[in-house]
Amino acid sequence: MRSPFPSPRVLTGVPLAGSYPAAVALVLLALCPFLVLTTATSLMAPTLMRDLAATPFELQVAVGLANAGYAFGAVAAADLTQRWPRRRVYFVCEVGFVAATVVALSAQGIGQFATGLILQGLCTGMLLVAALPPLITRRNIHELPTTAMVVSIGLFGMVTLGPLVGGLIGDAGDWRLLFVALTVLAAVGLLIGFLTFEGNDPLAPGARFDWFAIPPALAVTALPFFGVSWLTRGTFGSLAFLLPVIVGVLIGVILIVGQYRATNPLMPVRPISNTLPVTGILAAMVTGAAFTTLTELTASYLLAVPRYSPVKVGSLLTAQLLGILVASYCFRRLVLTRWTPLFALTGLLSVGVAALILLTLTPGNASAIVPVAAVFLGFGAGAGVTPALFLAGFSVPAVAIGSIFALVELLRSEAAFLVGPVLLHLAEDEGIADGFKVTVAIVMYVVAGGAVLLVALYVTGGARPHAPKVQEWFGGRTAAYHSPPLFSRLKG
């Protein structure tokens with residue numbers, strides 16, 4: 001491992017340091033404001049373009065690079081928490097988020113708005129790694145199931161509210177009011193952080209800046225996300241699309257291989273290259289990409305074909321929240337059992353069912369079909385992604401969980417925010433009425449293929465379902481899961 005288990009140094013004068021509800025509120029307020037924006041901006045895009053005198057390309061670049069900032073921020077925080085106490089990283093990022101929101105709120109043009117939005121994404125990605133691990137590693141096994149549920153709701157529950165929020169803003173036309181609310185929420189989070197966040201010694205005070213991880217991670221996120229944004233003004237054959245995407249993906253492969261081979265990696269790839277974490281991460285990547293793509297395709301179809309208002313589109317998609325809540329409750333019951341890997345597979349299958357339902361969508365039945373599909377989408381996101389975080393996190397000692405979360409979120413975000421815009425552009429090229437079903441069918445086949453691959457990896461790996469040894473994991477020096485290597489049955 002990169003660093004020894006840190007010896008905690010609890011700060012005095014932190015009145016809510018032992019409060020579990022306050023710790024939960026801190027995490028939710030750190031993550032939720034930006035995550036709402038990730039799915040809200042598409043439905044309030046006309047309002048934003050009008051007020052900021054922006055083109056669709058300019059707005060898409062701002063959104064794309066904000067998502068890139070989120071993915072990169074998680075990796076940057078994994079590096080910073082080696083040398084800085086998490087408490088300091090948290091406060092710098094929370095103050096940064098408040099400032100970034102004010103920058104976006106006061107924008108009169110797309111340049112200033114894009115700057116604020118990108119910084120919001122960067123700060124939120126860093127807050128994920130700074131604020132979430134302490135909640136999980138509180139050394140109280142009885143709180144862990146509730147924490148697992150909170151993580152699921154925090155990561156995806158607010159995402160499912162994004163379409164409704166974006167629809168309301170799209171109809172009302174006052175997007176600045178949303179950013180005022182986000183500023184207030186972030187300020188409340190900052191206050192709770194002062195009252196709650198305990199201090200600790202840095203994980204590795206003598207660690208140096210990781211030149212083999214941070215610059216490549218920046219390229220892996222910025223280049224492909226910019227390339228995909230170019231599709232709003234170009235074609236799949238455009239060099240401005242192909243070159244950044246291909247170079248970025250190749251750098252990503254080099255980054256993962258380099259972290260696997262490194263003696264002292266920032267993101268320990270080798271410990272999670274076994275059967276359980278690999279299947280979990282792949283499930284998260286496929287599920288996240290399918291969820292994002294189907295949500296964007298459905299919103300575009302409803303706006304263009306039956307010509308629903310933004311608020312009606314958002315309302316129909318809000319049924320995702322019910323699926324998220326059901327999945328979160330189920331995961332709360334299963335996280336300490338042997339069924340977590342199987343639960344991750346049910347999430348992927350649920351998204352596949354949603355795609356199958358959406359293939360029956362017509363302008364006449366949209367109001368009935370979309371909410372049903374949305375419930376399956378929400379359940380799939382909650383059951384397919386959050387368990388993967390825990391499968392990966394439990395496969396390394398507790399001290400490394402922040403770095404592993406950074407890696408998983410980097411891979412998941414890369415898949416989700418690259419595939420969605422590409423398939424949406426493909427659907428629009430075909431004409432959204434016909435292209436919708438073509439691209440939904442593509443998603444369904446990808447999900448089915450992913451499910452077959454995951455089952456094959458699980459079977460050939462010879463992994464037997466077993467409950468994680470969480471009590472040992474809380475000690476900080478051993479993994480909770482000890483799964484067999486990939487293809488171990490074939491090698492035997």
Side-chain angles (χ1 to χ4, degrees), residues 1-5 71-82 125 128-129 132-133 136 203-204 207-221 224 248-286 288-289 341 344 385 387-416 418 450 453-454 457-458 460-461 463 468 473 476-488 491:
M1 281 299 104
R2 181 180 177 85
S3 59
F5 189 71
F72 172 71
V75 180
D79 179 73
L80 278 179
T81 52
Q82 301 294 318
L128 172 77
V129 172
L132 185 54
I136 296 174
L203 299 177
R208 297 182 178 181
F209 180 83
D210 197 328
W211 291 99
F212 296 102
I214 303 301
L218 179 60
V220 166
T221 52
V249 171
L250 287 177
I251 293 175
V253 173
I254 294 171
L255 171 64
I256 298 302
V257 172
Q259 292 293 290
Y260 179 87
R261 296 172 63 89
T263 304
N264 193 31
L266 174 63
M267 296 175 287
V269 174
R270 189 181 296 271
I272 62 167
S273 60
N274 294 318
T275 301
L276 286 182
V278 167
T279 53
I281 292 171
L282 287 176
M285 292 174 66
V286 177
V385 178
L389 282 174
F390 281 82
L391 281 171
F394 284 161
S395 296
V396 297
V399 65
I401 193 171
S403 297
I404 289 300
F405 279 7
L407 176 62
V408 174
E409 282 299 282
L410 175 67
L411 295 174
R412 183 193 68 81
S413 299
E414 199 80 5
L418 286 183
L453 175 62
L454 293 179
L457 288 175
Y458 194 82
T460 57
W473 182 80
R477 295 191 177 276
T478 184
Y481 280 124
H482 299 279
S483 67
L486 289 169
F487 313 118
S488 58
K491 297 174 183 177

Listed by chain and number, what are the side-chain contact (heavy atoms from CB on, under 4.5 Å) partners of Val257, not counting sequence neighbours?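 Result, side-chain contact (heavy atoms from CB on, under 4.5 Å) vs Val257: Val253, Arg261.
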Quick check: closest heavy atoms across [X] and [Y], and the distance to 0.1 Å?
X: Ala219; Y: Ile251; value: CB-CD1, 3.8 Å
X: Ala392; Y: Val408; value: CB-CG2, 3.8 Å
X: Pro277; Y: Ser483; value: CD-OG, 3.6 Å
X: Pro341; Y: Tyr458; value: CB-CE1, 4.1 Å
X: Gly393; Y: Ile401; value: CA-CG1, 4.1 Å
X: Gly402; Y: Pro133; value: CA-CG, 3.8 Å

Check for a donor-acceptor pair, side chain of Asn274 on one end and backbone N or O of Leu276 on the other, with a separation under 3.5 Å.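 No, because the side chain of Asn274 does not come within donor-acceptor range (under 3.5 Å) of the backbone of Leu276.
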Donor-acceptor check, side chain of Thr275 to backbone of Pro484, threshold 3.5 angstrom: yes or no? yes
I need the [X] [atom1] to [Y] [atom2] distance, nearest 0.5 Å.
X: Leu453; Y: Leu457; atom1: CG; atom2: CG; answer: 4.5 Å
X: Ile136; Y: Trp473; atom1: CD1; atom2: CH2; answer: 6.5 Å
X: Leu389; Y: Arg412; atom1: CG; atom2: CZ; answer: 7.5 Å
X: Met267; Y: Leu410; atom1: CE; atom2: CG; answer: 6.0 Å
X: Asp79; Y: Arg208; atom1: CG; atom2: CZ; answer: 13.0 Å

Do [X] and [Y] have side chains that get closer than 4.5 Å, going by heavy atoms?
X: Val129; Y: Glu409; answer: no
X: Pro268; Y: Ile404; answer: yes
X: Thr221; Y: Val75; answer: no
X: Leu266; Y: Ile214; answer: yes
X: Leu407; Y: Ile256; answer: yes
X: Ser403; Y: Gln82; answer: yes

Please name all residues satisfying ring pair (Phe, Tyr, Trp, His ring centres under 6.0 Å) with Phe390, sequence neighbours left out, ordered by chain then number. Phe331, Phe394
